[in-house]
2 protein chains.
Amino acid sequence: MTVIKVALLGFGTVGEGLYESINSHQQQLQALLGAEVHIAGVLIQDSEKQRRLAEDVLVTTNFNDILNIPDLQVVFEAIVGEDPSYEYLSKAIERGCDIITANKVMFAKHGEELLRKAREYNVSIGYEATVAGGVPVIRTIAQLLQVNRVEKIQAILNGTSNFILTEMRKNELPFETVLKSAQDLGYAEADPSNDVEGFDAFYKLMILSNLLFGKQPDWHEVKVEGISEISNHQIQSAHQKNERYKHIAEIKKDGDQIIASVGPALTNEDHPLYNIEGVDNAIVIKASLAGTIAIQGPGAGSYPTASAMIEDFAHIFQNKKAAYALT
Amino acid sequence: MTVIKVALLGFGTVGEGLYESINSHQQQLQALLGAEVHIAGVLIQDSEKQRRLAEDVLVTTNFNDILNIPDLQVVFEAIVGEDPSYEYLSKAIERGCDIITANKVMFAKHGEELLRKAREYNVSIGYEATVAGGVPVIRTIAQLLQVNRVEKIQAILNGTSNFILTEMRKNELPFETVLKSAQDLGYAEADPSNDVEGFDAFYKLMILSNLLFGKQPDWHEVKVEGISEISNHQIQSAHQKNERYKHIAEIKKDGDQIIASVGPALTNEDHPLYNIEGVDNAIVIKASLAGTIAIQGPGAGSYPTASAMIEDFAHIFQNKKAAYALT
């Protein structure tokens, strides 16, 4: 059977989930692609750490070792932060590899550039995992709502913020207490500002902006607010009136102008995001023909993120297979 | 510019919505497909009725006139009931046309047969519109969750039943009263049994069964119940305990056996379908990697159904365009 050789960059929560998921879904992948997926290399940061990896996997701290793997076809990237992943992915594209990324900060900044480079080198980029984890929002918009004009998106894109707001309301607790328990549960980082100050949702919204409108608004003109200033008192007063604070990322177009915002909003029962609770993400898409479609699911986590990456991978290779069959 | 010639079978609510939507989204279609979509013929039932159709459209009560349109490429079918649409679509396939259908009764019974015939004649079938109207559940499963193993589906597939249950609870009214107002609003037919006795949801579930498992359970072994036996008293007693009746279609596999059911169920706040209200449909998909994904939106209506059909159409022609480009 044909073998597709892939490499993983990063072996944290997502990288490890990806490794396990590719192996546990080998049968599905073979049925779909008619090929076996072989994880040929893994780029790690800390060579001292113990990892459960098969013996034929090249484990290295040097990206050039990955680039030099013979017949490498795909690079899965699950590194946190902008650098050095942008540089790595550029090089992987130049080498002729398809790339699949979960890196939202990097892709919000360099996505368009990478997509341009990918066209130049005739390779594909999968980036479903950059927005809303396992919820297939990118490809729903790109593939399932192509004729529809998407008029507006309202979304809960940060599970940590949504979890904190939900717990504050239900348990009548202040922000700091709930943040601490979110950190203990692994839902929030030691430095939580990226999540609770709205930046994470903002990066995801900018990726959606490119997808929807082919461009982004000026970053400085987008109002970005987090949830750290909302008091338990405010939340409980709203609760008395059956209202809930939700952290909402919103984008629409007004003429040629893109109007985007990220911040807490009071919602009532009629709001489509009112019932989204806990760590879930949800995206409400207002489309010209379909009407208002909502997609909801786990916005983060090891397997959901791996899911998005593997589905992108299968899609890319199915297209290739169709192309080969015809030539 | 190249022209794609299409015909519509049926000019009721869906047929007319489709006609308008193709015309109002001509620009999107041209950008996507590089071709103009020309509605060349419309099959109608009653030649006496006034219709607002362009002058170059062949309007006929005779299906053979449609089949004889030169260079006809696609047949959109929006007829109600099994006959004669199965016969029409078989003939259209034999003539080499791609077909796109919204006919759930027909497709639940003859879908596999038509798909087989389509493979034989090298044409495509779009059937997104047969399940949940504008909610893109068929292609989410077929294209976005291919590697994932779908373990279970729970869904609200009949908007009429969901509307009636919601209104009974909110307004403390008996079934008959709410049914009457649903009929006045156009949400229920004069003979409502197909909706309120669970058959409509059952047909849709059988289409999902084929998609998920490549086969259907024996129809006589599936328990199908509607909502007409639920009293206002039952609904209000449940409401006191924060519970809601929802009409749920469910399917999963246990070993080689498909286990399916359709009927009312008591749900509490933690149930993923508890908050689906009014005429909306929702599908909750439990997938091996992505986790629990829910998709919600308008399950019927003129434009949402047209949306599903036009998106299928665009998808089929994009695949063709890619194939032509390579040969």
Side-chain angles (χ1 to χ4, degrees), chain A residues 17 21-22 24-25 27-29 31-33 128 133-136 138-140 143-149 269 272 274-277 280 282 284-285 287-298 301-311 313-315 318-319 322-327, chain B residues 17 21-22 24-25 27-29 31-33 128 133-136 138-140 143-149 269 272 274-277 280 282 284-285 287-298 301-311 313-315 318-319 322-327:
Chain A
S21 302
I22 289 173
S24 66
H25 286 65
Q27 212 181 322
Q28 276 83 350
L29 288 165
L32 278 173
L33 309 176
E128 181 69 81
V135 186
I138 297 288
R139 286 176 59 207
T140 293
Q143 290 174 229
L144 311 189
L145 296 170
Q146 293 189 86
V147 185
N148 277 269
R149 293 181 290 264
E269 259 199 314
Y274 177 84
N275 286 311
I276 310 303
E277 297 271 70
D280 260 9
V284 179
I285 302 167
S288 56
L289 290 172
T292 299
I293 306 281
I295 327 176
Q296 176 185 354
S302 169
Y303 295 125
T305 309
S307 171
M309 299 179 87
I310 293 181
E311 294 289 349
F313 167 74
H315 176 60
Q318 277 181 314
N319 283 351
Y324 290 141
L326 287 158
T327 50
Chain B
S21 302
I22 288 173
S24 66
H25 286 66
Q27 210 182 324
Q28 277 84 351
L29 288 164
L32 278 173
L33 309 175
E128 181 69 81
V135 186
I138 298 287
R139 287 175 59 207
T140 294
Q143 290 174 229
L144 311 189
L145 296 170
Q146 294 189 89
V147 185
N148 276 268
R149 292 181 291 263
E269 260 199 313
Y274 177 84
N275 286 311
I276 311 303
E277 297 272 69
D280 260 9
V284 177
I285 302 167
S288 56
L289 291 171
T292 299
I293 306 282
I295 328 176
Q296 178 185 351
S302 170
Y303 296 125
T305 309
S307 170
M309 298 179 87
I310 293 180
E311 294 290 348
F313 168 74
H315 175 60
Q318 277 180 313
N319 283 350
Y324 290 141
L326 285 157
T327 49

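Note on naming: letters A, B, ... go to the chains in the order of the sequence lines (proteins, then strands), and numbering restarts at 1 for each one. What you are looking at is a predicted structure, and each value in this text was computed from that prediction instead of being measured.
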Okay, A:Thr140 and chain B: the region with an atom under 4.5 Å from a heavy atom over there is both
Between the CD1 atom in B:Ile310 and the CG atom in A:Leu145, the distance rounded to the nearest 0.5 Å is 12.0 Å
Highest number of heavy-atom pairs under 4.5 Å with chain A among B:Ala314, B:Ala31, B:Ser21, B:Gly17 belongs to B:Ser21
Within residues 301-309 of chain A, the residues sitting under 4.5 Å from chain B by heavy atom, in sequence order, are A:Tyr303, A:Pro304, A:Ser307
Taking every heavy atom of B:Gln143 against every heavy atom of A:Glu311, the minimum-distance pair comes out as O-OE1, 4.4 Å
Closest non-hydrogen atoms of B:Pro298 and A:Ile293, given as atom of the first, atom of the second and distance, are CD-CD1, 4.2 Å
Counting heavy-atom pairs under 4.5 Å with chain B, the top scorer among A:Thr292, A:Ile295, A:Val147 is A:Val147
Among B:Ala287, B:Gly134, B:Ala290, the residue with the most heavy-atom pairs under 4.5 Å to chain A is B:Ala290
Within a strict 4.5 Å, meaning less than it, do heavy atoms of the A:Arg149 and B:Gln28 side chains meet? yes
Distance col, row A:Gln146:CD vs B:Leu29:CG, nearest 0.5 angstrom, shows 10.0 Å
Okay, B:Leu32 and chain A: the region with an atom under 4.5 Å from a heavy atom over there is side chain
Here the gap from B:Asn148 atom CG to A:His25 atom NE2, rounded to the nearest 0.5 Å, amounts to 5.5 Å
So, the part of A:Leu144 with a heavy atom under 4.5 Å from chain B: the answer is both
